[in-house]
Protein chains: 2
Amino acid sequence: MGATKTEHFTDKQNQIATIAKALGHPARIAIIEYLMKVNACICGDIVNELPLAQPTVSQHLKELKNAGIIKGNIEGNAICYCIDEKTIEILNTYFFHIVQSVSKNKCC
Amino acid sequence: MGATKTEHFTDKQNQIATIAKALGHPARIAIIEYLMKVNACICGDIVNELPLAQPTVSQHLKELKNAGIIKGNIEGNAICYCIDEKTIEILNTYFFHIVQSVSKNKCC
DNA sequence: AATCTTTATTGTAATATTGCAATATTAAAT
DNA sequence: ATTTAATATTGCAATATTACAATAAAGATT
């Protein structure tokens, strides 16, 4: 035991959980905010912006990429990262439905 | 090492990460969906809905409660759970800003 | 070709999460 | 006062995550 029982849940539930989980770390939120701030693909000076070592940042970027939250384009020996709106939109749409549904049926 | 370095990030970054993290498990998404489906506070028959043991569900509920995503009202020996829209709204607003910002400045 | 720059990978230690059996708690019902 | 029902807590094993030093890989520069 200890491993998440993903097989017991729907694909959609797992999809939302995977994206949310990838955003469930302040360093990864900070990366997203930085990518937003610079308004473009950034050729990896993310390490200089974060209070974390390069391998740690690289690992966080990998997780964001695996979850489809960012894209990485190779440009020479550097890599340009940028946010993949489509994935954030999936989350946004999902949570919007929750807010709508809940505010329509107040109980507590 | 191994513990998240929360002290290096802003309160807002930690707040968003905490909420997202709590939603980063399919069981917890399934709980949210169930609470939405029944359209009301539900006096905890969540255990019967999920393919998980009672202590496991109880733990997931605790995490959702700690993150402010659900509220639990004690009613006799049962507990009524419902979604706290305010917290979901925080996430929703945050991600909406990201989508807006990114779609305004396409790069990749 | 040798070196520099940038990013990824590997290995490892510390810590956190997941899941559940067993048990405890708390309030209602008998 | 016992019993029943609902939920929480404890303790523990399995697994996952976080962080980083050391190293590797791959393209650019000299």
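For clarity, every value in this text was computed on a predicted model and none was experimentally measured. In what follows, chains are A, B, ... by sequence order, proteins preceding strands, each numbered from 1.
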For [X] and [N], is the shortest distance between a side-chain N/O and OP1 or OP2 below 4.0 Å?
X     : N      : result
B:K62 : D:dT7  : no
B:H60 : C:dG19 : yes
B:K21 : D:dT17 : no
A:H25 : D:dA19 : yes
A:T56 : D:dT18 : no
B:S58 : D:dT7  : no

Output the rounded distance in Å from [atom1] ([X]) to [atom2] ([N]).
X     : N      : atom1 : atom2 : answer
A:E7  : C:dG19 : CD    : C1'   : 12 Å
B:I31 : C:dG19 : CD1   : P     : 10 Å
A:N66 : C:dA8  : CG    : P     : 11 Å
A:E63 : C:dT9  : CD    : C1'   : 14 Å
A:D45 : C:dT7  : CG    : P     : 8 Å
A:N73 : D:dG27 : CG    : C1'   : 16 Å
A:L50 : C:dT6  : CG    : C1'   : 16 Å

Which nucleotide sits closest to the side chain of B:A53: C:dT15, C:dC20, C:dT18? C:dC20

Would you mind telling me which of D:dT18, C:dT18, C:dT15 lies closest to the side-chain atoms of A:R28? D:dT18

Between [X] (side chain) and [Y] (backbone), is there a donor-acceptor pair under 3.5 Å?
X     : Y     : answer
B:N14 : B:T6  : yes
A:E63 : A:H60 : no
A:Q13 : A:T10 : yes
B:R28 : B:A22 : yes
A:T18 : A:A67 : no

Answer with base, sugar-phosphate or nothing: what part of the nucleic acid does [X] contact at a heavy-atom distance below 4.0 Å?
X     : result
B:L61 : nothing
B:Q59 : base
A:Q54 : base
A:I74 : nothing

A:G76 or A:L52, whichever maps to the more 5' nucleotide of DNA chain D: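 Result of the comparison: A:L52.
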
Run the side-chain donor-acceptor check on residues 89-100 of chain A: report pairs under 3.5 Å with partners two or more places apart or on a different chain.
| from | atom 1 | to | atom 2 | distance (Å) |
| --- | --- | --- | --- | --- |
| A:N92 | OD1 | B:F96 | N | 3.2 |
| A:T93 | OG1 | A:E89 | O | 2.8 |
| A:Y94 | OH | B:E33 | OE2 | 2.5 |

So, under a plain 3.5 Å distance rule, would you say the side chain of B:N77 forms a donor-acceptor pair with the base of D:dT7? no

